[in-house]
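Each remark here refers to the structure printed beneath this line.
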Amino acid sequence: MSASYEIQGRPVAIPVEVRDARQWAAQFLVPADAAQAVIGDTGLQVARPFPGRAMLALAVVDYRDTDLDAYHEVAVSFVVRHHDAPAVAGEGELLREFWSGKVGAYIHQLPVDQTFTLEAGVLIWGF
């Protein structure tokens, strides 16, 4: 599905093309209760790859050539249970759910360093 948006007087077609970029990422196991407190207002629940632990992912991207110009981005995200996942009875079910891949990602923060890209992120994707 393609669409077009006007950002700061410029047309931006979807999908946006990224022609050159570099990315670095790291994942951390963090206390699940603390992670849940960070995303609690979303109604989502952090996934648990190990008892009492959640997964936090950090990424840094250097977008060198894109339809949104060159810019830098930092992503802070958590692995979460699907919003419509059924209730589970215990930690074992949460572990099986995680390792079966029945989880998703919630982007908590996604700052960028260019005003054009910031406006595009808000208007097109709601970031």
Side-chain angles (χ1 to χ4, degrees):
M1 180 167 135
S2 63
S4 183
Y5 297 84
E6 186 172 313
I7 309 295
Q8 297 181 1
R10 287 175 42 194
V12 175
I14 302 299
V16 169
E17 185 176 341
V18 175
R19 290 170 289 279
D20 185 20
R22 301 291 184 267
Q23 177 182 358
W24 300 266
Q27 294 81 35
F28 301 93
L29 291 174
V30 298
D33 291 343
Q36 187 62 51
V38 171
I39 70 160
D41 63 339
T42 67
L44 295 170
Q45 184 181 25
V46 293
R48 295 181 183 222
F50 297 102
R53 306 304 271 180
M55 187 170 289
L56 163 70
L58 302 175
V60 176
V61 187
D62 176 11
Y63 290 101
R64 297 173 177 192
D65 182 17
T66 80
D67 291 346
L68 300 177
D69 300 331
Y71 65 99
H72 300 103
E73 173 181 273
V74 175
V76 179
S77 62
F78 293 93
V79 177
V80 295
R81 301 184 70 226
H82 288 283
H83 71 287
D84 58 355
V88 293
E91 198 76 37
E93 288 182 50
L94 288 170
L95 297 174
R96 278 190 294 284
E97 180 181 73
F98 182 92
W99 291 106
S100 71
K102 296 178 182 174
V103 293
Y106 170 70
I107 306 216
H108 175 63
Q109 296 285 326
L110 194 65
V112 295
D113 66 350
Q114 299 297 320
T115 60
F116 180 80
T117 309
L118 174 62
E119 188 172 327
V122 170
L123 292 175
I124 298 171
W125 297 286
F127 285 112

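These values consider heavy atoms only, across backbone and side chains, with no hydrogens, waters or symmetry-generated copies.
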Roughly how far apart are Ile39 CD1 and Ile107 CD1, rounded to 0.5 Å?
12.5 Å
Minimum heavy-atom separation for Ala59 and Gln23, please, with both atom names.
CB-NE2, 3.7 Å
Look at the side chain of Arg53 and the backbone N and O of Phe28, then say whether any donor-acceptor pair between them is shorter than 3.5 Å.
no
I need the Met55 CE to Gln27 CD distance, nearest 0.5 Å.
6.5 Å
Reported CZ-to-NZ distance for the pair Arg96 and Lys102, which is rounded to 0.5 angstrom
10.5 Å
Ignoring hydrogens and geometry, is there a side-chain-to-backbone donor-acceptor pair from Glu17 to Asp67 under 3.5 Å?
no
Quick check: do Leu58 and Val74 have side-chain heavy atoms less than 4.5 Å from each other?
no
How long is the straight-line distance from NE2 of His72 back to CD of Gln114, given to the nearest 0.5 Å?
8.5 Å
Please table the atom pairs, donor to acceptor, closer than 3.5 Å between any side-chain atom in residues 6-15 and protein atoms at least two apart or in another chain.
from, atom 1, to, atom 2, distance (Å)
Gln8, NE2, Glu119, OE1, 3.3
Arg10, NH1, Asp69, OD2, 2.9
Arg10, NH2, Asp69, OD1, 3.2

Side chains of Thr66 and Tyr71 in contact at under 4.5 Å (non-hydrogen atoms)
yes
Euclidean distance, Trp125 CH2 relative to Leu110 CG, rounded to 0.5 Å:
10.0 Å
Among Ile, Leu, Val, Met, Phe, Trp and Tyr joined by side-chain contacts under 4.5 Å, find the other residues sharing a cluster with Leu94 and list them by chain and number.
Val88
Quick one: pull up CD in Glu73 and CZ in Phe127 and give me the separation to the nearest 0.5 Å.
8.5 Å
Verify, without hydrogens or angle tests, whether Arg64 (side chain) and Ala21 (backbone) share a donor-acceptor contact under 3.5 angstrom.
no
